[in-house]
Amino acid sequence: MGEPRYILVGVAWPYASGSLHLGHLGGAYLPPDVFARYHRMVGNRVLMVSGSDAHGTPITVKADQLGVTPAEVVERYHAEIVGYWEKLGISFDLFTTTMTDNHREVTWDMFRRLEANGYIVTGTSEQFYDPEAERFLPDRYVEGTCPHCGYDAARGDQCDNCGRQLDPVDLIEPRSRITGATPVMKETTHYFLRLSAFQDRILEWLRTREGWRRHVQNMAIGFCEEGLQDRAITRDLTWGIPLPPELDTIGEGKRIYVWFEAVIGYLSASKEWAARQGDPEAWRAWWENPEAETYYFIGKDNIVFHAVIWPCQLMGYGGLNLPTNVPANQYITFKGAKASKSMGVGRSIGWYAERLQPDALRYAIASVFPEQNDTDLSDEELVRRINEELVSTWGNLVNRVLTMVAKNHGGRIPASGVLQPGDVALLSSIDRALEEEAELIERVELRAGLRRVMEAATEVNVYLNANAPWKAEDPERAATVLWVACNAINGLKVGFAPYLPFSSQTLHRMLGLQGEVGDDGWVRSRLEPGLEIGPVEPLFEKVELSQLT
RNA sequence: GGCGGCGUAGCUCAGUCGGUGAGAGCGCUCGACUCAUAAUCGAGAGGUCGGCGGUUCGAGUCCGCCCGCCGCUACCA
C-alpha cells in the first residue's frame, strides 16, 4: 500500500421538503457510505459531504401547504434527515444545508468568477406574471386545464392526472395558484450560464472517461450531442440565494436558481468542514490536488447535472477537480411503483429504522442496490434477505463458532496445532475474498462486493461441516479447526464492516479485541490463542413480517 | 414525439472482446449433519435469455422493427 489517496465523496443533496424513503437510501445515501467506509479502512483520506437543499420550489410549495416559512420547513426536515444518518450510521464528515453564510459566499465566488471569465451573460425571456401579487410565477405556481386530458387542476410543469409534461402556456385558462388571477406574459431579464461554450470540451472529456456506468456515460454524452443551450441561472423569486450585490442589476426580486447553487454545495461543504477542523485550507487537498479522486453518488434523475452541468461550472471556474466517476444508481421501486416523495409510496427511512436493526436494514438495501437496473423491493423481500441471508449465513456462522469457543474452550481462542492444507486453503480463500471485494468496491460494484463476502462466509460454513470440530475425537485437531474458523471470521468481519459497521464492531469486541474494527486496515489480522472472548450473543435477530405492519 | 437505460429460472439479479451443454442467491424437492438463531452442507428439478426478422460457421451478446418498464427532454433538481 502506497501513499494515502484523497477521496472526495459527494452525496446528492436531499430536498428538505419531505421525508426520505428506502429508495433514496439505496439509490443515493447508503452506497457512498459503504464506499467511504471502505476507503477509510484502507487508509485513504476520505471527505464525504452533503446537506439539505434548502431552496427550490418544492420547499416553498411545502411551506405554503403548512402555513410556515420556508426556513421552518427546512429546519424541520433537516432535523429528521440528520436523524436517519445517525440511526443508520451514514458517516458524513459534514452534512450541512444550503442556508449557511458560507454556502452563499462560495456560491457568490463561483458566480463572480464565471461572470468574470465570460461564462455568465444576461438574457431575456417571457414568463407568466401574476398582476395581483405583482410577482413572476414559477411553472408550478400556474394551474389550469390540461390540454391533453382536460384535467382542470394541472400544474404548469406537469399534469398530475395524465402525467404529461406541460409548458405553462399550453394550459387552458391558466390561473395563478397564489391569487387565482389570470397570469400575463411579461418580459424578464436573467443571467445565463453559457453552457454552449463548453460543448466541445465537455464532450471530449465525457468520451474519454473510463470505468463509468454505461447508462451514465451514454446519458451525458447524448445530452451534449443534442447541443448544449445556455441556461438561466436566476429566477424571479424571493426564496433563494440573492445575487452578488454588485451584479444584482437586472431587476428587482432576483434569486440564484437552485440548480446552479445546490451543486456548489459540494465545494462549500468541503470548505465548511475545513473551517470546522481549524484548518480552513484543508479542502484544497481534495479539490486542487490533481491526484485526488472525486465521486458523486446520485440517482439517475440527476445525471445531467452532475456529469455535464456541474463539470462545466468547474471547468469555467478553473483549477478544481472534475468528477472521477459519477456512479449514478437506478431506482428501487416498491412493488413496481417508484418510491417517491411526491407520490407518497413507501414509508420513510425513519419508519424502518425504528423497527429494524440498522445493519439488518443496511444489508437488505445493499443487497439490492440498483446499480444496473431498477430493482423491485417489498417488505417480504426485505425480511427474507435479512432472515435467509444475513442471519442464517453470517450471523449463525459467528454464533456457532463462538458458542463452541465459549463452551469447549473456556471462552478463549483455542491453541492451534499444525495446520493441514485445508486449513491454510480456507484462510487464504478469505484473504482472496477481501482482495476481490476491494476490487469490486473500487469499481463501485458494491452489490457484488457484498455478495463476495457472503460467498466467503459460506465457505467457512462448508469448512466447519467438513471438519466437524464438535465431534472432538481428537481434541487438538478440534482446537485447530476452531482456531482457523475464528481467524476466518475475524477476516470476514473486515469485509463486512463497510456494509455492516455496527455488528462488525460488536463482533470485533466479542472476539476480545480493542479499538475499532478498521484499525488494522483492510486485512485479516491474526487472532492469538488464549485471547479471551467476550460474552457471546447473536449479532442479529430474525425479523417477523408483522414487525413491518 | 426525441434521447438514454433496462427486459435472462417462481422471486431478486450476474453474464467482459459474439465461441464447448445459459449462471448465482433465495424459494421448491430429495438427502446428509446436529456445534449453531428449525441454523448448516450436498444433490436435483426449474429457462423458446420480451417478440419478430437479419448478419455470422456460431447470437443472451451485433443490426433493424415492434411491445413493456424507468429516467431525461433545459422553469423539479
Side-chain angles (χ1 to χ4, degrees), chain A residues 12-15 17 53 55-58 61 125 127-128 136-142 155-158 165 167-168 190 195 213-223 225-232 235-237 257-263 298-306 309 328 330-331 333 336 338 342 367-378 380-381 384-385 387-389 391-393 395-405 407-408 445 447-448 451 454-455 458 460-466 468-472 478 482 485 536-542:
Chain A
W13 290 58
Y15 261 140
S17 65
D53 184 347
H55 302 125
T57 348
V61 168
S125 62
Q127 181 73 20
F128 267 129
F136 285 96
L137 298 169
D139 287 0
R140 285 199 180 190
Y141 277 81
V142 181
R155 296 197 315 250
D157 59 338
Q158 188 181 0
Q165 286 256 326
D167 196 292
H190 285 296
L195 291 174
R213 291 181 184 167
R214 173 168 31 197
H215 71 273
V216 176
Q217 198 163 15
N218 287 346
M219 179 79 219
I221 289 172
F223 185 86
E225 283 177 340
E226 286 176 26
L228 289 177
Q229 297 171 30
D230 299 344
R231 192 163 170 136
R235 299 279 84 170
D236 293 292
L237 291 173
Y257 190 11
V258 60
W259 71 255
F260 177 82
E261 153 268 292
V263 283
I298 58 169
K300 63 175 162 179
D301 55 332
N302 237 329
I303 290 171
V304 166
F305 278 88
H306 288 78
I309 299 179
Q330 310 260 358
Y331 283 147
T333 58
K338 179 190 165 191
S342 59
S367 63
V368 296
F369 277 158
E371 292 169 347
Q372 305 295 337
N373 315 317
D374 288 351
T375 298
D376 203 52
L377 186 62
S378 62
E380 289 80 1
E381 175 76 1
R384 187 195 68 68
R385 294 265 180 194
N387 290 344
E388 306 300 330
E389 298 177 16
V391 180
S392 297
T393 303
N396 180 61
L397 170 63
V398 170
N399 194 237
R400 69 193 295 210
V401 170
L402 295 188
T403 301
M404 278 187 274
V405 171
K407 284 184 184 167
N408 304 336
E445 294 180 26
R447 184 174 174 155
R451 188 160 47 233
M454 275 306 243
E455 232 175 76
T458 296
V460 183
N461 276 321
V462 171
Y463 170 86
L464 284 173
N465 282 24
W470 52 86
K471 286 188 175 165
L482 216 45
V536 179
E537 284 178 24
L539 287 180
F540 312 104
E541 291 165 6
K542 285 219 172 192

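Reminder, nothing fancy here: chain letters follow the sequence lines and each chain counts from 1. Here the structure is a predicted model, which is why all the values come from computation and not from measurement.
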Exam field: side chain Asp374(A) to backbone Tyr331(A), donor-acceptor pair closer than 3.5 Å: yes
Taking only residues two or more places apart in sequence, or in another chain, which ones meet Glu226(A) in a salt bridge (Lys or Arg N to Asp or Glu O under 4.0 Å)? none
Evaluate the side-chain proximity of Tyr141(A) to Val61(A): yes if any heavy-atom separation is below 4.5 Å, no if none is. yes
With a 4.0 Å cut-off on heavy atoms, is Pro538(A) in touch with a base, just the backbone sugar-phosphate, or nothing at all? base
If we only count heavy atoms from C-beta on, is the Asp53(A) to Val258(A) side-chain gap below 4.5 Å? yes
Determine the interatomic distance between P on A74(B) and the same-named atom on G27(B); round to the nearest Å. 47 Å
Closest to the Glu389(A) side chain: A36(B), G25(B), C72(B)? G25(B)
Interatomic distance where OH belongs to Tyr463(A) and P belongs to C35(B) [whole Å]: 18 Å
Rounding to a whole Å, what distance do you find between Arg231(A):CZ and C76(B):P? 9 Å
Residue Asp301(A), side-chain atoms from C-beta onward, closest of C76(B), G71(B), G5(B): G71(B)
What integer distance in Å separates Phe305(A):CZ from C72(B):C1'? 10 Å
Shorter than 3.5 Å, N or O on both sides, protein versus nucleotides 11-13 of chain B: list them out with atom names.
| residue | atom | partner | partner atom | Å |
| --- | --- | --- | --- | --- |
| U12(B) | O2' | Arg385(A) | NH2 | 2.8 |
| U12(B) | O2' | Arg447(A) | NH2 | 3.3 |
| C13(B) | OP1 | Asp374(A) | O | 3.2 |
| C13(B) | OP1 | Thr375(A) | N | 3.4 |
| C13(B) | OP1 | Thr375(A) | OG1 | 2.7 |
| C13(B) | OP1 | Asp376(A) | N | 3.1 |
| C13(B) | O5' | Arg447(A) | NH2 | 3.4 |

So, do Arg235(A) and Pro138(A) sit near enough that their side-chain heavy atoms are less than 4.5 Å apart? no
Set of side chain to side chain donor-acceptor pair (under 3.5 Å) partners for Arg231(A), sequence neighbours left out: none
Roughly how far apart, to the nearest Å, are C62(B) and C49(B) at atom P? 15 Å
Who pairs with Asn399(A) by side chain to side chain donor-acceptor pair (under 3.5 Å), at least two apart in sequence or on another chain? none
By the 4.0 Å heavy-atom rule, please label Glu541(A) as base, sugar-phosphate, or nothing. nothing
Touch class at under 4.0 angstrom, heavy-atom based, for Ile298(A) against every strand present: nothing
I'd like the P distance from C52(B) over to A14(B), given in whole Å. 24 Å
I'd like to know whether CD of Glu541(A) has more than 12 heavy-atom contacts from other residues, nucleotides or ligands below 6.0 angstrom. no
Say you pick atom P in C63(B) and the same atom in G19(B); how far apart are they, in whole Å? 15 Å
Determine whether Leu397(A) and Leu464(A) make a side-chain contact, defined as any pair of heavy atoms from C-beta on separated by less than 4.5 Å. yes
Side-chain heavy-atom pair Thr375(A), Arg447(A) within 4.5 angstrom cut-off: yes
Can you check the Met219(A) CE to G71(B) P distance for me, whole Å? 12 Å
When you measure from the side chain of Leu195(A), which nucleotide among U37(B), A36(B), A74(B) comes out closest? A74(B)
Please compare Thr403(A) and Gln127(A) by the position of their nearest nucleotide in RNA chain B and report the one closer to 5'. Thr403(A)
Arg384(A) side chain near Glu389(A) side chain, heavy-atom distance below 4.5 Å: yes
Can Asp376(A) and Glu381(A) be said to form a side chain to side chain contact (heavy atoms under 4.5 Å, CB included), step by step? CA-CA 9 Å; Asp376(A) 203 52; Glu381(A) 175 76 1; over 6 Å; no
Quick one: on RNA chain B, does Glu445(A) or Glu226(A) contact a more 5' nucleotide (nearest heavy atom)? Glu226(A)
Rounded to whole Å, how long is the line connecting atom NE2 of His215(A) with atom C1' of G7(B)? 16 Å
When rounded to the nearest 0.5 Å, the distance separating CG of Leu482(A) from CH2 of Trp470(A) is 10.5 Å
Would you kindly give the CD-to-P distance between Glu225(A) and A74(B), to the nearest whole Å? 18 Å
Taking G60(B) as the reference, what is the distance to U16(B) when you measure between their C1' atoms (whole Å, please)? 14 Å
Rounded distance (Å) that lies between atom P of G2(B) and atom CZ of Phe223(A): 18 Å
Please tell me if the side chains of Val216(A) and His306(A) come closer than 4.5 Å, counting only heavy atoms from C-beta onward. no
Pair assignment for RNA chain B - dot-bracket with | for other-strand partners, Watson-Crick or G-U under 3.5 Å: (((((((..((((.....[...)))).(((((.......))))).....(((((..]....))))))))))))....
Classify the nucleic acid contact of Leu464(A) as base, sugar-phosphate or nothing, counting any heavy atom under 4.0 Å across all strands shown. nothing
Euclidean distance, atom CD of residue Glu371(A) to atom P of G15(B) [Å, nearest integer]: 10 Å
Please measure how far the P atom in G46(B) lies from the corresponding atom in U29(B), and state the result in whole Å. 16 Å
Could you check whether Arg213(A) gets within reach of a base, just the sugar-phosphate, or nothing at all, counting any heavy atom under 4.0 Å? nothing
How far, in whole Å, is A39(B) from A32(B) if one measures between their C1' atoms? 15 Å
Protein N or O to nucleotides 38-40 of chain B N or O, pairs below 3.5 Å:
| residue | atom | partner | partner atom | Å |
| --- | --- | --- | --- | --- |
| A39(B) | OP1 | Lys542(A) | NZ | 2.7 |
| A39(B) | O5' | Lys542(A) | NZ | 3.3 |
| A39(B) | O2' | Ser392(A) | O | 3.3 |
| A39(B) | O2' | Asn396(A) | OD1 | 3.1 |
| A39(B) | O2' | Asn396(A) | ND2 | 2.4 |
| U40(B) | O2' | Arg400(A) | NH1 | 3.3 |
| U40(B) | O2' | Asn465(A) | OD1 | 3.1 |
| U40(B) | O2' | Asn465(A) | ND2 | 3.3 |
| U40(B) | O2 | Asn465(A) | ND2 | 3.0 |

Nearest-angstrom distance, P atom, G44(B) to U55(B): 39 Å
